[in-house]
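Because the structure is predicted, anything quoted here is derived from the model rather than measured. In the text below, chain A, chain B and the rest are named by the order of the sequence lines, each starting its count at 1.
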Amino acid sequence: MADKMALAKAINESLRRALDTDPKVLIMGEDVGKLGGVFRVTDGLQKDFGESRVIDTPLAESGIVGTAIGLALRGYRPVVEIQFDGFVFPAYDQIVTQLAKMHARSLGKVKLPIVVRIPYGGGIGAVEHHSESPEALFAHVAGLKVVSPSNPSDAYWMMQQAIQSDDPVIFFEPKRRYWDKAEVNTDAIPGPLHKARVVREGSDLTLAAYGPMVKLCQEVADAAAEEGRNLEVLDLRSVSPIDFDSIQASVEKTRRLVVVHEAPVFFGSGAEIAARITERCFYHLEAPVLRVGGYHAPYPPARLEEEYLPGLDRVLDAVDRALAY
Amino acid sequence: MADKMALAKAINESLRRALDTDPKVLIMGEDVGKLGGVFRVTDGLQKDFGESRVIDTPLAESGIVGTAIGLALRGYRPVVEIQFDGFVFPAYDQIVTQLAKMHARSLGKVKLPIVVRIPYGGGIGAVEHHSESPEALFAHVAGLKVVSPSNPSDAYWMMQQAIQSDDPVIFFEPKRRYWDKAEVNTDAIPGPLHKARVVREGSDLTLAAYGPMVKLCQEVADAAAEEGRNLEVLDLRSVSPIDFDSIQASVEKTRRLVVVHEAPVFFGSGAEIAARITERCFYHLEAPVLRVGGYHAPYPPARLEEEYLPGLDRVLDAVDRALAY
Amino acid sequence: MTVESTAARKPRRSAGTKSTAGKTTARKSPSTDPELVQLLTPEGKRVKNAEYDKYVAGITPDELRGLYRDMVLTRRFDAEATSLQRQGELGLWASLLGQEAAQIGSGRATREDDYVFPTYREHGVAWCRGVDPTNLLGMFRGVNNGGWDPNSNNFQLYTIVIGSQTLHATGYAMGIAKDGADSAVIAYFGDGASSQGDVAESFTFSAVYNAPVVFFCQNNQWAISEPTEKQTRVPLYQRAQGYGFPGVRVDGNDVLACLAVTKWALERARSGEGPTLVEAYTYRMGAHTTSDDPSRYRGDEERMAWEAKDPILRLRAYLEASNHADEGFFAELERESEALGKRVREAVRAMPDPDHFAIFENVYADGHALVDEERAQFAAYQASFTDVEGA
Amino acid sequence: MTVESTAARKPRRSAGTKSTAGKTTARKSPSTDPELVQLLTPEGKRVKNAEYDKYVAGITPDELRGLYRDMVLTRRFDAEATSLQRQGELGLWASLLGQEAAQIGSGRATREDDYVFPTYREHGVAWCRGVDPTNLLGMFRGVNNGGWDPNSNNFQLYTIVIGSQTLHATGYAMGIAKDGADSAVIAYFGDGASSQGDVAESFTFSAVYNAPVVFFCQNNQWAISEPTEKQTRVPLYQRAQGYGFPGVRVDGNDVLACLAVTKWALERARSGEGPTLVEAYTYRMGAHTTSDDPSRYRGDEERMAWEAKDPILRLRAYLEASNHADEGFFAELERESEALGKRVREAVRAMPDPDHFAIFENVYADGHALVDEERAQFAAYQASFTDVEGA
Ligand SMILES: Cc1ncc(C[n+]2csc(CCOP(=O)(O)OP(=O)(O)O)c2C)c(N)n1
Ligand SMILES: Cc1ncc(C[n+]2csc(CCOP(=O)(O)OP(=O)(O)O)c2C)c(N)n1
Ligand SMILES: [Mg+2]
Ligand SMILES: [Mg+2]
């Protein structure tokens with residue numbers, strides 16, 4: 001069955017399917033019940049599955065993740081929502097010291113199949129703490145998997161896969177793409193959770209991105225095509241692990257790489273990608289791996305976010321610089 | 001006055017000096033009073049400055065940092081201790097969303113001159129959560145400064161400078177070097193807080209490190225010298241900002257760089273250094289920047305830490321690999 | 001909606017009530033039947049209260065009219081902001097509609113040298129502290145993250161991460177005690193915030209250090225879509241006793257009671273008696289913010305019941321019955337309201353967008369090499385457009 | 001050391017005690033005068049307790065000897081571990097000396113299908129749950145971070161980050177309620193831990209969801225070097241009432257009282273009455289851990305006073321006075337103790353170091369490409385030595 005669906009709706013449908021097929025799946029978070037979440041991602045789920053499966057929690061993120069761990073120990077598979085990126089930090093201790101480490105600590109005896117959903121990123125004109133991209137802070141931590149879909153179909157399937165995974169998955173939802181519509185085939189699983197996908201083939205340079213920046217990179221590639229430049233666009237989909245094999249394969253072909261993310265460049269995913277790809281492709285690269293991302297500054301007030309965020313021109317500028325080597 | 005002093009004692013003397021000269025300086029933390037801290041870094045300070053300046057706090061890290069912020073708003077300059085690296089995460093929200101952002105949020109009206117001391121790193125045979133190196137998780141966050149001394153003199157002076165700074169400083173103390181002794185000249189300030197230092201000149205390859213790994217890199221350079229290889233060793237001293245100018249200058253000379261830290265390599269400081277130095281020195285580098293650090297795994301139990309941590313052989317191996325290009 | 005509804009499948013008996021030495025037992029106090037301090041009934045009748053009357057004993061008609069004026073102007077300002085949001089001038093607005101008495105009563109209880117730590121909805125408290133209301137709009141318009149100097153009015157910036165500011169308030173109060181000063185701190189937070197670990201830690205720290213701080217919880221019954229039953233099963237003011245300091249529930253729609261109880265609590269703080277928790281039992285009459293749609297989770301009847309307890313009508317009834325205000329006063333206030341609305345409207349529309357370079361300003365107090373580098377790159381990049389356009 | 005000593009420069013009056021409707025007032029209950037549930041005096045005399053006697057009414061002499069045996073063997077195990085640390089066989093040890101009654105009493109109150117969430121000092125509880133004591137030593141020796149399967153004995157791994165496990169316990173209890181099962185959860189934590197936000201949040205969640213969990217706080221008077229006055233100014237058991245569930249303080253050196261009170265609390269949980277806080281008032285007779293030097297922060301007199309309340313001597317006096325145990329029993333137990341010590345010693349010395357590749361095992365349940373890559377690099381690197389050595 002293939003329907004055109006907004007990304008938020010695709011996650012909603014995916015959660016619904018999980019609730020339907022596995023009685024152990026739970027939804028937890030602030031306002032996920034009657035309200036259906038501030039972005040309506042859990043719309044209608046409490047009505048259909050009841051307050052025992054779709055749980056409005058007290059306003060305490062550490063408590064949400066900490067009790068989800070306890071529920072997982074009891075055999076449940078909680079999908080918890082953090083209302084906005086900037087509010088995950090009260091739960092950071094539970095995520096880093098407990099959720100990430102319990103499997104190793106127990107020598108594999110304890111599995112914590114928990115999904116932490118985080119709507120993230122900017123571009124929606126929001127107030128402070130509502131537009132951040134903290135994925136690097138989770139990718140550095142062993143024991144967590146970190147993914148971010150860029151489109152409704154991936155949103156649907158990656159959520160299915162995240163819930164089925166026996167590992168904790170931090171699921172970053174590109175909130176400014178929540179309303180973007182595309183076809184979702186709910187019958188056919190498109191591929192493994194942590195594999196990158198070439199969304200546009202090209203030969204002159206590789207643009208690598210994930211989540212909200214994939215669409216931008218496609219626009220950049222369109223714009224560059226008008227200038228006769230043939231860019232390859234990779235949707236990484238996963239930030240931990242990162243599918244370095246796919247990036248390497250692309251870079252061995254194009255010999256140039258620009259990584260784009262909303263998060264600050266300093267200590268961001270672009271750093272890890274640049275370091276490792278340079279090591280893997282040292283003799284292939286014609287230019288250093290360039291990075292386009294946020295500045296080393298707090299996410300600015302809404303009226304400055306267009307300047308702060310990577311945009312078409314800034315990415316094109318990096319492409320030009322890379323091609324100039 | 002130049003005395004031979006252990007690194008822990010140097011910090012103790014530096015805190016004593018700060019308490020002596022600035023009545024607004026406070027020491028706060030768990031067990032920092034009568035006990036003098038579990039590493040005795042605050043030994044004797046409460047006795048001499050009283051319970052109102054050297055404050056044993058409740059066992060709650062978010063509370064410690066959060067009340068320190070309030071005290072700073074009132075004009076105090078708190079130096080707070082987190083007992084071990086792995087226990088900073090309950091305070092992570094206050095550090096990331098409040099401490100780091102208050103100056104920008106207030107358009108510069110509010111300054112938070114707070115030092116967060118964190119004994120960090122492994123090699124002391126400790127139990128879980130007592131041997132981690134989370135510096136990347138702070139360096140990624142704008143608004144914080146992150147430093148780590150490698151020797152008693154730097155420990156003394158960098159602490160003075162951190163306390164005098166009007167910015168929040170995360171001060172990572174290399175706990176396995178606490179008992180290392182060296183001369184500390186308490187009269188002459190050695191240089192700016194965020195500047196790297198060449199601790200050994202060389203021409204064949206640059207080893208860059210900070211905190212506990214500087215000593216290791218010096219040993220590596222000694223060992224390499226016996227094989228006729230002339231390594232330069234840089235003590236970075238600061239992880240945010242990183243003194244890229246000094247690294248660049250060194251790499252333009254040696255043309256090869258190996259970065260060493262205890263923290264996991266994935267998304268660690270080595271990634272940022274590799275990415276940026278490759279961009280700055282693209283035509284100078286004869287080999288990709290190589291990184292030696294922890295694996296993508298929770299810090300292991302003590303009897304495995306020697307395998308997990310960068311050691312002489314593993315760094316030498318990286319040096320060999322870099323020189324083989 | 002009962003508190004057990006989410007978790008229990010089989011019927012579970014409720015907590016017992018017997019109490020013996022060495023054991024404290026949960027008190028059954030359904031939050032619909034609060035034991036609250038009230039000085040003015042919803043109809044505006046002044047009722048006696050042996051304990052708190054003295055804190056408003058000397059209040060003059062002038063001051064009473066002042067409280068009324070504060071509430072009316074705050075509501076007017078709030079309504080203007082809501083409509084500016086609808087017009088696209090603000091990105092978001094968090095209305096205080098219904099909470100005027102809680103905010104004005106407590107705000108007017110503070111002294112100039114006291115320090116206030118608000119959350120994001122304390123427009124009425126800001127008003128009492130003398131913060132220009134147009135300054136409050138900057139962050140909602142998206143031109144800054146806080147547009148005033150906290151130290152000008154001892155009114156800290158709004159804090160969005162729920163609960164964080166209660167620890168700052170506690171630390172500030174610890175500093176006051178250290179300084180030997182006799183001022184006090186008041187920290188505002190909501191019923192939802194009461195669940196955050198930070199708020200609990202602020203109770204612990206303030207009790208252990210006997211810090212001069214008043215925790216002022218506006219229980220407006222809702223945390224976005226969640227009713228207070230999702231945060232606690234006993235009235236929130238009771239939370240304090242387990243930490244070793246008093247808690248009191250006050251009618252949050254009664255400005256006189258809020259004034260009296262807050263004065264009492266602040267005086268306790270000043271005289272070295274340490275922290276107090278005040279729970280102002282009130283109601284969020286509007287949406288959580290302009291982004292919210294309360295019809296999804298609550299019925300109209302509830303709001304209508306609370307409209308009958310409107311804090312402004314209540315004081316007006318009292319002023320009129322006691323002849324403390326005449327038609328002229330109300331008419332003049334109406335004009336003043338209009339003028340305030342106009343001023344706010346114009347100020348917002350005139351509010352300039354920030355300079356692009358503001359991104360890089362104030363990240364650090366002492367500078368940071370990377371920020372300098374990125375600022376320079378940004379400048380060069382910006383200049384490249386000018387060049388192109390200029391060419 | 002008073003609670004105000006750190007913060008206040010000028011004398012501050014202590015909290016008032018008057019109480020009126022709508023206001024709860026801090027109870028002055030100095031922690032040196034606890035109102036505690038006691039069934040056995042320090043001298044071993046059985047005292048009546050109308051409320052809790054029934055929970056131990058049917059206890060047999062055999063069971064009483066069993067409790068004694070548990071405490072003696074636990075203490076023996078603990079002493080052995082301390083000396084193994086001195087001999088360098090363990091990196092660290094956290095002794096439970098003095099807390100045997102709190103742990104054995106509460107541990108024996110649990111049912112097989114209950115679930116226990118310990119901190120890092122619950123060796124006595126582990127014993128009651130049937131966890132082989134040598135398994136507890138792995139993490140202190142540094143060969144693993146937890147050497148048993150939590151689900152074998154429903155005894156979760158030790159948790160070092162203070163307070164975290166109370167939330168896991170609460171979540172697990174929420175799951176029990178969801179399953180409609182009638183088992184319960186018990187979460188252990190210390191007086192220091194009571195200050196952590198996570199513990200407060202676990203109180204909130206358990207109350208809101210009426211989760212079947214018992215919070216068992218061993219107040220051993222110290223959090224490393226900090227006395228309980230640095231965490232609270234009222235007795236800890238009172239914390240619960242502000243969250244809407246009962247709290248009780250029990251003599252933590254009285255194994256019968258601990259058994260009775262914990263049984264009561266667990267039965268409440270099972271029968272749907274929700275959470276309970278039990279504060280076991282006890283004493284850490286030894287150092288915090290083998291790394292600690294308590295002489296830096298506390299005097300000997302305190303420890304000596306508590307030695308007079310020793311939980312083991314107390315039960316022994318009762319057993320002897322009531323003729324429930326004879327010389328033969330004590331002699332046999334002494335032999336059993338020695339055998340346990342020997343077994344533990346030998347097991348520790350024989351404990352193999354982990355395989356180097358264990359670093360990469362179990363980081364993930366479903367694998368991770370980077371871990372595979374790093375494992376392979378590590379293998380190649382290790383092999384390079386073998387090659388060299390082999391060459
Ligand atoms: C740590 C954190 N989590 C979540 C949010 C999102 N959020 C904003 S307001 C709010 C509800 C707050 O309720 P309450 O404390 O009762 O205050 P009120 O809005 O009713 O004044 C939530 C969940 C937040 N701002 N901070
Ligand atoms: C979050 C955190 N902060 C600090 C520590 C260091 N630490 C270990 S034990 C301890 C004291 C614990 O005291 P208490 O809760 O009373 O338990 P007890 O050791 O007395 O059994 C501290 C501060 C820790 N383990 N976790
Ligand atoms: Mg509310
Ligand atoms: Mg203790």
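- Closest heavy-atom contact between C:S195 and A:P58: OG-CB, 3.7 Å.
- In this structure, NE2 on A:H130 lies 6.0 Å from CD1 on C:I160, to the nearest 0.5 angstrom.
- Atom NE2 in A:H129 sits 7.5 Å away from atom OG in C:S164 (nearest 0.5 Å).
- Taking CZ of C:F357 as the start and CD of A:E307 as the end, the distance is 9.5 Å to the nearest 0.5 Å.
- Looking at C:L92, the atoms closer than 4.5 Å to chain A (heavy atoms on both sides) all sit in the side chain, from C-beta outward.
- Two residues are said to be in side-chain contact when any heavy atoms from C-beta on lie closer than 4.5 Å; C:E226 and A:K34 fail this criterion.
- Closest heavy-atom contact between A:L304 and C:D355: CD2-O, 3.5 Å.
- The parts of A:E30 that come within reach of chain C are both its backbone and its side chain, each placing non-hydrogen atoms under 4.5 angstrom from that chain.
- Closest heavy-atom contact between C:K230 and A:D56: CD-O, 3.6 Å.
- Only the side chain of A:D317 comes within contact range of chain C, with at least one heavy atom under 4.5 Å from a heavy atom of that chain.
- Neither the backbone nor the side chain of C:R298 comes within contact range of chain A, judged by heavy atoms closer than 4.5 Å.
- Residues C:R296 and A:R40 have side chains in contact (heavy-atom distance under 4.5 Å, counting atoms from C-beta outward).
- When heavy atoms are compared at a cutoff of 4.5 Å, A:F87 approaches chain C solely by way of its side chain, counted from C-beta outward.
- Note: C:I359 leads C:D191, C:V363, C:I359 in heavy-atom pairs under 4.5 Å with chain A.
- In terms of non-hydrogen atom pairs under 4.5 Å with chain A, the most contact-rich of C:R141, C:R375, C:Q377, C:H288 is C:R141.
- Neither the backbone nor the side chain of A:E305 has a heavy atom closer than 4.5 Å to any heavy atom of chain C.
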Q: Take A:D313 and C:Y381, measure what side chain to side chain contact (heavy atoms under 4.5 Å, CB included) needs, and give me the verdict at the end.
A: CA-CA 10 Å; A:D313 288 327; C:Y381 171 73; 3.0 Å; yes

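- Of residues 258-272 of chain A, those residues with a non-hydrogen atom less than 4.5 Å from any non-hydrogen atom of chain C are, in numerical order, A:F266.
- If you measure heavy-atom distances from A:R321 to chain C, you find no contacts under 4.5 Å at all.
- Contact residues of residues 295-302 of chain A toward chain C are A:Y295, A:H296, A:A297, A:P298, A:Y299, A:P300, A:P301, A:A302 (heavy-atom distance under 4.5 Å).
- Residues A:E128 and C:Y158 have side chains not in contact (no heavy-atom distance under 4.5 Å, counting atoms from C-beta outward).
- C:H368 touches chain A through its side chain: at least one heavy atom from C-beta onward sits under 4.5 Å away, while N, CA, C and O do not.
- Atom CG of A:L59 sits about 5.5 Å away from atom CD1 of C:I162, to the nearest 0.5 Å.
- Nearest heavy-atom pair, C:G88 versus A:R303, reported as atom, atom and distance to 0.1 Å: O-NH2, 4.4 Å.
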